[in-house]
2 protein chains.
Amino acid sequence: MAAEQDPEALAAARPLLTDLYQATMALGYWHAGRAREQAEFELFFRGGPFGGAFALAAGLRDCVRFLRAFRLQDADVQFLASVLPPDTDPAFFEHLRALDCSDVTVRALPEGSLAFPGVPLLQVCGPLLVVQLLETPLLCLVSYASLIATNAARLRLIAGPKKRLLEMGLRRAQGPDGGLTASTYSYLGGFDGSSNVLAGQLRGVPLAGTLAHSFITSFLGTEVPPDPMLAPAASQGPRVDLAACAEAWLDRVCAHLGLGVQEPHRGERAAFVAYALAFPRAFQGLLDTYSVQRSGLPNFLAVALALGELGYRAVGVRLDSGDLLQQAQEIRRVFRSISAQFQMPWLESVSIAVSNNIDEEELTRLAQEGSEVNVIGIGTNVVTCPRQPSLGCVYKAPRFTLGAHAGSPLLDLLQLAEEAAPQAGQELRVWPRGAQGACTVRPAHVEPLLRLWVQQGQLCEPLPSLAESRAFAQLSLSRLSPEHKRLQQPAPYRVALSDKLQALVARLRAGES
Amino acid sequence: MAAEQDPEALAAARPLLTDLYQATMALGYWHAGRAREQAEFELFFRGGPFGGAFALAAGLRDCVRFLRAFRLQDADVQFLASVLPPDTDPAFFEHLRALDCSDVTVRALPEGSLAFPGVPLLQVCGPLLVVQLLETPLLCLVSYASLIATNAARLRLIAGPKKRLLEMGLRRAQGPDGGLTASTYSYLGGFDGSSNVLAGQLRGVPLAGTLAHSFITSFLGTEVPPDPMLAPAASQGPRVDLAACAEAWLDRVCAHLGLGVQEPHRGERAAFVAYALAFPRAFQGLLDTYSVQRSGLPNFLAVALALGELGYRAVGVRLDSGDLLQQAQEIRRVFRSISAQFQMPWLESVSIAVSNNIDEEELTRLAQEGSEVNVIGIGTNVVTCPRQPSLGCVYKAPRFTLGAHAGSPLLDLLQLAEEAAPQAGQELRVWPRGAQGACTVRPAHVEPLLRLWVQQGQLCEPLPSLAESRAFAQLSLSRLSPEHKRLQQPAPYRVALSDKLQALVARLRAGES
């Protein structure tokens, strides 16, 4: 199975990204004549992350890319030979050299599906030696992707559909790929975009970003711009000196706000003018480098009004410290008042963005009814998942054959592979896990959970795009009942066994005791 | 500055691994005619991680690799053009196309140095536009590397010098590179090795790994090994059927332990025999798949004694559940008793390895006086740093010029660049941060903290190897006084300002108010 020309190849995991014990076990299986024996593994988690009832399944795209490219290079085999016993049979290394995933079959929850404890996200079948080697990379690719997608989905549930949520945690991630994974899967989970340019380039994640405090403090106000002249938005009329125009507006803004015209920081204003000259149609101000009320806000207004005179509309402000909610309310009040005073109605609705260590509690506050915050940037608390930094997935050979599953927003049913799927409208008896006895359900709608994605190494259907998976995640979440969707102390979602599976489990348990 | 042929190139960060605002600010600087202005940034953290007083500086090697390879490809520039305003001056993109780090100078704490709050780990000088673009990737490369090295150093301090500490958290990391970074820098911080094969191949980290529960449960005991015969270790004498020999030993072991010979699980024994046939000189048993006392331990002993008869010495056992300390004590007692009974003295000291969600508290218990645990594997709690999953580094233009620093295990001194370094034996007045007044010190030894690594894009001296940095980290830690090394409520390490720097800071503060 050759990997197609893949623009993301650099980001793909490599076959030796695995634990050494996978290689030692591979030798053990090979030595025991079992390398080509058919085997099946299932990847699942045991408890809902962050105290919730659900997770979002993610990472399948990376797994498929990894499987399609899976091939040990000569240097890889030589390296393995250097860490295995020196008298290892050379035929084992020949076996490794010829290894690929052309006999591997993968069933999985589609990207963005709801996933529940104990229900497989991924089923991998193939020769024992290969599927054992795949354990660590698949866990590595699925666990963090699903964790971050789930974290993002929770934050989206808190924020509601209207707030714009941006991931900006690249600098807090576990190295380059941790950052890329976080940006990709927080988008899948419901964020609107990311600051991570590489995620935009490689994964098509929408990007956002304006300016940092360092840009503002680097200006003293004594700089002479090479060209302070700006043409009107409509390209008609003479060019205007934006810096001079902003100074004139500053007088009027300060008079209206009752501030001395010397109070707003010159360097900050110079930085705003420089940014506005580069981005006249996308001017944004970062307000809290010095003082929001006495410097950042009047400087922003002076530049925004100067741009407004030329027909440009400033798009936003950002706050990165202090009481974000309260400041947003005050800023909106000033926008309204200035907008009325100078007859610039668009100024009323300039977007207010906030950031600064925002977690679920602070987000709840920022998303409350009447909040004037429009855009929320989250870094550390989305990327590092501090409440639970690992999903703790496992990859196990099922002790009974799990097969076709059927699901509805009511329950997920685990059956034997040989059983027929349940029919909509037909009553069936199921055994909810954790309960004492059976119960009867009549599903209105039945949907298989796991889909066949890779059969004998071949991709069976195109993977959905990231944006499609993102939409599917929101759709899945919208169908989940509020009692399971609740972020604290949710009702556990029901996972049940079929009659036959329940009987098999009972026999196995009896045999053990 | 061309990157040399770099076997780790795939793992290197790419120039677009940055926040979009670095690119928008770059356009702002360029537009303001300031792109080539000399600028300086410092990278530091504000508080000691995990409640401790110190961190270990790490990630410099990755930063240097990144800087040397830094060059925007055509596709990168085209992508940036697609997210910047459509009327952006094409000359800006020409500027980006020509960009490299040949004018960048980097001073840094050597890898494995002690690092304290507020003292720069990295100083980066060069053209404003370039050093601004470097902010996010440098933060991404230094923060997690330093955090994980510090976490590992704390775990090493708890474990003491004799326990073997292994990192095995690849499956819990933030994707492929998070795992590679964790394995590399936990080794730097004091671990003995990792399970991550790629870290062994790319970074030379010593590897460890044997077998998982899935290997054991995959054997039923009915398998027929293709070749159960094993030659003696010295290669003299006839080959012996290891499986049959182990059965014979099982009788004797069970009789000695008072167990029925049917109790130990056949499949587990078959798995041990298969593993021993593949690794006769490195046989290890994972004991807790079924019952340690009634199955894993007697099965291990049967196979180990069969190997022993042939002159091979089993190397270890592993436990992955239950009370690890208590089980280790019991297992050692059984080893001693069996060793005496069957006159196999080497069996007494077979290594006992443990794993299973070990954190600082559990490690303290496992490392206590008299513990029979020899090897400790840590995954989630080293890789995800759950107590503080981000170091929170910042990258700031210093508002006064920081320059040559001088340090000893007594204090770190921050001076102006123009000041001469203090002399050993000479008294000088310093201003400890956080204190009210000055104090006088007479350092016995003075050592510059930051070293020049990259000057005008050229590497000034070879970077130490990972193993050298690891040794340097242990040396640095050994010199730190116990009051600062304490993991809970340590005395803060003193960072002081020189007379001149203190005066400058005072002037700046007065100017602000």
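Here the structure is a predicted model, which means the values were calculated and not measured. A note on names: the letters A, B, ... follow the listed sequences, proteins ahead of strands, and every chain is numbered from 1. Side chains included, hydrogens not; waters and symmetry mates left out as well; all remaining heavy atoms used.
Proximity of A:P85 to B:R281: side-chain heavy atoms (C-beta onward) are nowhere separated by under 4.5 Å. A:Y21 is listed as a side-chain neighbour of B:R318, based on a closest heavy-atom distance under 4.5 Å.
In this structure, A:R171 forms no cation-pi arrangement with B:Y395, as its terminal cationic atom is not both closer than 6.0 Å to the ring centre and no more than 45° off the ring axis. Taking the ring axis of A:F219 as reference, the NZ or CZ atom of B:R34 stays within 45° of it and closer than 6.0 Å to the ring centre.
Looking at A:T18, the atoms closer than 4.5 Å to chain B (heavy atoms on both sides) sit in the backbone and in the side chain alike. Only the side chain of A:D87 comes within contact range of chain B, judged by heavy atoms closer than 4.5 Å. In this structure, chain A has a heavy atom under 4.5 Å from the side chain of B:L84, while its backbone stays farther away. Neither the backbone nor the side chain of A:V142 has a heavy atom closer than 4.5 Å to any heavy atom of chain B. Neither the backbone nor the side chain of A:I148 comes within less than 4.5 Å of any heavy atom in chain B. Only the side chain of A:Q22 comes within less than 4.5 Å of a heavy atom in chain B; its backbone stays farther off. For B:T210, the part sitting under 4.5 Å from any heavy atom of chain A is the backbone (N, CA, C, O) and nothing else. The contact between A:A212 and chain B is made by backbone and side chain atoms together, counting heavy-atom distances below 4.5 Å.
No other option in B:S143, B:A145, B:A173, B:A39 has as many heavy-atom pairs under 4.5 Å with chain A as B:A173. Most heavy-atom pairs under 4.5 Å with chain B: of the set A:S194, A:A274, A:G392, this distinction falls to A:G392.
Using a 30° and 60° split on the angle between ring planes, B:F215 and A:Y29 fall in the tilted class, from 30° to 60°.
A distance of 12.0 Å separates CG of A:L211 from CG of B:L27, quoted to the nearest 0.5 Å. Residue A:L198 holds its CG atom at 5.0 Å from CZ of B:R14, rounded to the nearest 0.5 Å. Once rounded to the nearest 0.5 Å, the distance linking NE2 of B:H31 with CG of A:L277 reads 6.0 Å. The CE atom of A:M168 sits 7.5 Å away from the CG atom of B:D19 when rounded to the nearest 0.5 Å.
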Next item on the list: Would you sort out whether B:D177 and A:Q174 count as a side-chain contact (heavy atoms from CB on, under 4.5 Å), showing the intermediate values?
Entry: CA-CA 7 Å; B:D177 187 79; A:Q174 290 182 1; over 6 Å; no

